[in-house]
Amino acid sequence: MPRRLTRIAGFTLLELLVVIAIAGILLTTALPELSLFGLRAARSQGASTLYIALNQARAEAVARNRRVAVCARDYFSSASRPLCAASPVWAQGWLVYLEPASGAGGTRPAEAADLIGAYEPVGRVTAEGDNAFQIEARFSQPAVRFLASGRPQEAGAFVLCERSGRLTEARRIALARSGHLSIESLDAARTEDECG
């Protein structure tokens, strides 16, 4: 008895091309929003991480009864251990470190054992300065110092701005003279004032 051929269901070439065309259209309309989503996530993570580092420095100063500092990291340094940047670019990350017991106020960790924490850059960063974000430090000194009491040497703020201007909101981390930290989202008008 001859075998009966059964028809196998599938897609025609035309149906497959239509599906690929629709997927391509959806992808091209979604890519800009996905890019903004990534920028928003990096901005939020960067602001939160800086907030955490400042809180860590304050807590360590009290716990160790010594001055602790936070400085901008030289992310592209070839040194064997993380170092503070000579000209601070805060978007390249930051370091939390113990200052010398003599109170001389060094601008970088004196020894590897003095390093408490090393934090990664905010967003995409290159050695040529092609950073997706910039962090404006509103302090008179290149490093933020906490005294053994947990109070900062000076009050100030950091403003985290996205460089291309695609995000209309910036983040501001304020450090009060009491040591209290706050983080806030700036509206479009204040972002324009703070970030230019």
Side-chain angles (χ1 to χ4, degrees), residues 38-163 170-176 179-184 195:
L39 284 174
R40 285 186 194 107
R43 177 193 59 199
S44 294
Q45 180 183 8
S48 296
T49 306
L50 182 54
Y51 180 86
I52 289 166
L54 292 167
N55 265 326
Q56 178 188 25
R58 181 176 184 229
E60 290 288 342
V62 172
R64 297 176 189 235
N65 196 28
R66 281 191 50 197
R67 290 168 53 129
V68 175
V70 181
C71 68
R73 180 179 182 178
D74 183 358
Y75 188 71
F76 298 101
S77 169
S78 60
S80 60
R81 63 185 161 95
L83 297 173
C84 297
S87 54
V89 179
W90 286 88
Q92 290 186 4
W94 40 88
L95 303 176
V96 178
Y97 64 95
L98 283 172
E99 287 206 324
S102 63
T107 58
R108 58 186 57 204
E111 300 173 13
D114 293 338
L115 186 64
I116 297 170
Y119 291 83
E120 295 298 311
V122 178
R124 182 179 56 83
V125 176
T126 66
E128 294 78 33
D130 183 22
N131 304 350
F133 294 92
Q134 79 182 48
I135 299 177
E136 296 288 332
R138 308 282 161 76
F139 295 90
S140 64
Q141 301 292 319
V144 178
R145 292 182 170 83
F146 288 89
L147 308 174
S149 64
R151 292 178 178 263
Q153 191 171 352
E154 68 175 314
F158 290 96
V159 180
L160 195 148
C161 305
E162 190 267 323
R163 293 188 123 174
R171 295 288 186 271
R172 184 173 191 272
I173 299 128
L175 176 60
H180 175 74
L181 281 162
S182 63
I183 187 168
E184 67 178 312
C195 299

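Owing to the predicted nature of the structure, the values given are computational and were not obtained by experimental measurement. Computation of the quantities below employed the complete heavy-atom set of this structure, encompassing side-chain atoms and omitting hydrogens, waters and symmetry-equivalent molecules.
We find that Glu162 and Arg43 are not joined by a salt bridge, their nearest charged nitrogen and carboxylate oxygen being 4.0 Å or further apart.
Residue Arg172 holds its CZ atom at 7.5 Å from CZ of Arg138, rounded to the nearest 0.5 Å. Leu95 contributes atom CG, which lies 10.0 Å from atom CZ of Arg81 (distance to the nearest 0.5 angstrom). Distance check: Leu83 CG to Leu115 CG gives 9.5 Å after rounding to the nearest 0.5 Å. Distance check, rounded to the nearest 0.5 Å: SG of Cys195 to CD of Glu136 gives 7.5 Å. Between the CD atom in Glu60 and the CD1 atom in Ile116 there is a gap of 4.5 Å [rounded to 0.5 Å]. Atom CG in Leu50 sits 8.0 Å away from atom CG in Leu160 (nearest 0.5 Å).
Here the side chain of Glu99 pairs no donor or acceptor atom with the backbone of Ala69 at under 3.5 angstrom.
When every heavy atom of Ala148 is checked against every heavy atom of Asn65, the shortest pair comes out as CB-OD1, 3.3 Å. Pairing each heavy atom of Ile183 with each of Ala47, the nearest pair is CD1-CB, 3.6 Å. Across every non-hydrogen atom of Ser44 and Arg171, the tightest pair is OG-NH2, 3.8 Å. Here the shortest heavy-atom pairing between Ala53 and Trp94 reads CB-NE1, 3.3 Å. When all heavy atoms of Pro121 and Tyr75 are compared, the closest pair comes out as CD-CE1, 3.4 Å. Pairing each heavy atom of Pro152 with each of Leu175, the nearest pair is CB-CD2, 3.6 Å.
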Could you check Glu111 against Tyr97 for side chain to side chain donor-acceptor pair (under 3.5 Å), going step by step and ending with a plain yes or no?
CA-CA 10 Å; Glu111 300 173 13; Tyr97 64 95; over 6 Å; no
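The shortest distance between side-chain heavy atoms of Ile135 and Val159 does not fall below 4.5 Å. Within the 4.5 Å cutoff, the side chain of His180 has heavy atoms near those of the Ser182 side chain.
Around atom CD of Glu154, more than 12 heavy atoms belonging to other residues, nucleotides or ligands sit under 6.0 Å away.
For the side-chain hydrogen bond (donor to acceptor under 3.5 Å, both in side chains) criterion with Tyr119, the lone passing option out of Gln92, Arg73, Gln56 is Gln56.
Classification of the Trp90-Phe158 ring pair by plane angle, with boundaries at 30° and 60°, yields perpendicular.
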